[in-house]
Amino acid sequence: MTEYLVHAAGLKKYFGNTHAVDGVDLQISSGEIYGLVGSDGAGKTTTMRLLVGALKPHHGSIVVCGYDVLKQTEQARSAIGYLSQRFSMYEDLTVLENIRFFAEVRGLSTTEWLPRSMEILEFVGLDKFKDRRAGQL
């Protein structure tokens, strides 16, 4: 059997009576380029959120880079990158406050997240905006 980087089987996700994802199966191998294409409301964003562990499916299994996304969410997330199509920072918080919020929600202490965050902000030239409210970026 081929080892897939992403393997999803029987994914289902409901929002009330709406079947947003209803039986999605996919296998993505190393080196493949894969696109989710469909009309508005077809379930593309919901499928992506399931694959990265941002949502839990009602049914199905997901393995990313050898990690079971439902049981090893953090390990799977560490192996992938995901950028939402929507701006997802809290507009009333500063850039650094947003980083702090998301870091602490994941259980990181200030000594863990702050030095690395400052290093990355400086590297990408955004350190001067760390105290700016996200809604003013």
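Positions are given from 1 along the sequence.
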V95 vs D131 side-chain heavy atoms within contact, under 4.5 Å: no
More than 12 heavy atoms from other groups under 6.0 Å of CD on E122: no
Student check: side-chain heavy atoms of L96 and L114 closer than 4.5 Å: yes
Connected via hydrophobic side-chain network under 4.5 Å: W113 and I120: no
Pair R100 + E97, salt bridge at N-O below 4.0 Å: no
Side-chain heavy-atom pair P57, L70 within 4.5 angstrom cut-off: yes
Side-chain touch L51/M48, heavy atoms, less than 4.5 angstrom: yes
Distance in Å, S30 OG paired with L5 CG, rounded so as to fall on 0.5 Å steps: 5.0 Å
Worked check of side-chain contact (heavy atoms from CB on, under 4.5 Å) between D22 and L11: CA-CA 6 Å; D22 195 14; L11 289 184; over 6 Å; no
Min side-chain heavy-atom separation V6-L26 under 4.5 Å: yes
Verdict with reasoning, I28 to Y4, per side-chain contact (heavy atoms from CB on, under 4.5 Å): CA-CA 6 Å; I28 304 171; Y4 297 107; 6.0 Å; no
Side-chain (T46) to main-chain (G43) donor-acceptor, under 3.5 angstrom: no
Side chains of I62 and D68 in contact at under 4.5 Å (non-hydrogen atoms): no
Q136/E91 under side-chain contact (heavy atoms from CB on, under 4.5 Å): CA gap, chis, key distance, verdict: CA-CA 8 Å; Q136 297 173 337; E91 293 185 3; over 6 Å; no
Approximate separation, where rounding is to 0.5 Å, of L121 CG and F129 CZ: 11.0 Å
Within 6.0 angstrom of D25 CG, more than 12 heavy atoms from elsewhere: yes
Side-chain heavy atoms of V21 within contact of L50, under 4.5 Å: yes
In one Ile/Leu/Val/Met/Phe/Trp/Tyr side-chain cluster, 4.5 Å: Y34, V63: no
Over-ring placement of K12 relative to Y14, 6.0 Å and 45° cut-offs: no
Expected output: side-chain K56 to main-chain G53 donor-acceptor under 3.5 Å: no
From N98 atom CG to R133 atom CZ, the distance as rounded to the nearest 0.5 Å: 10.5 Å
Pair Y67-R77, side-chain contact (heavy atoms from CB on, under 4.5 Å): steps then yes or no: CA-CA 9 Å; Y67 298 107; R77 284 182 182 164; over 6 Å; no
Donor on one side chain, acceptor on other, E112 and S109, under 3.5 Å: yes
Nearest-0.5 Å distance that lies between atom CD1 in I99 and atom CZ in R116: 12.0 Å
Atom CZ of F15: over 12 foreign heavy atoms under 6.0 Å: yes
Check: K44 side chain, S39 main-chain N or O, donor-acceptor pair, under 3.5 Å: yes
Check: E32 side chain, S29 main-chain N or O, donor-acceptor pair, under 3.5 Å: yes
Point-to-point distance, once rounded to the nearest 0.5 Å, from OG1 of T73 to NZ of K71: 11.0 Å
Side chain to side chain, L137 and R132, heavy atoms closer than 4.5 Å: yes
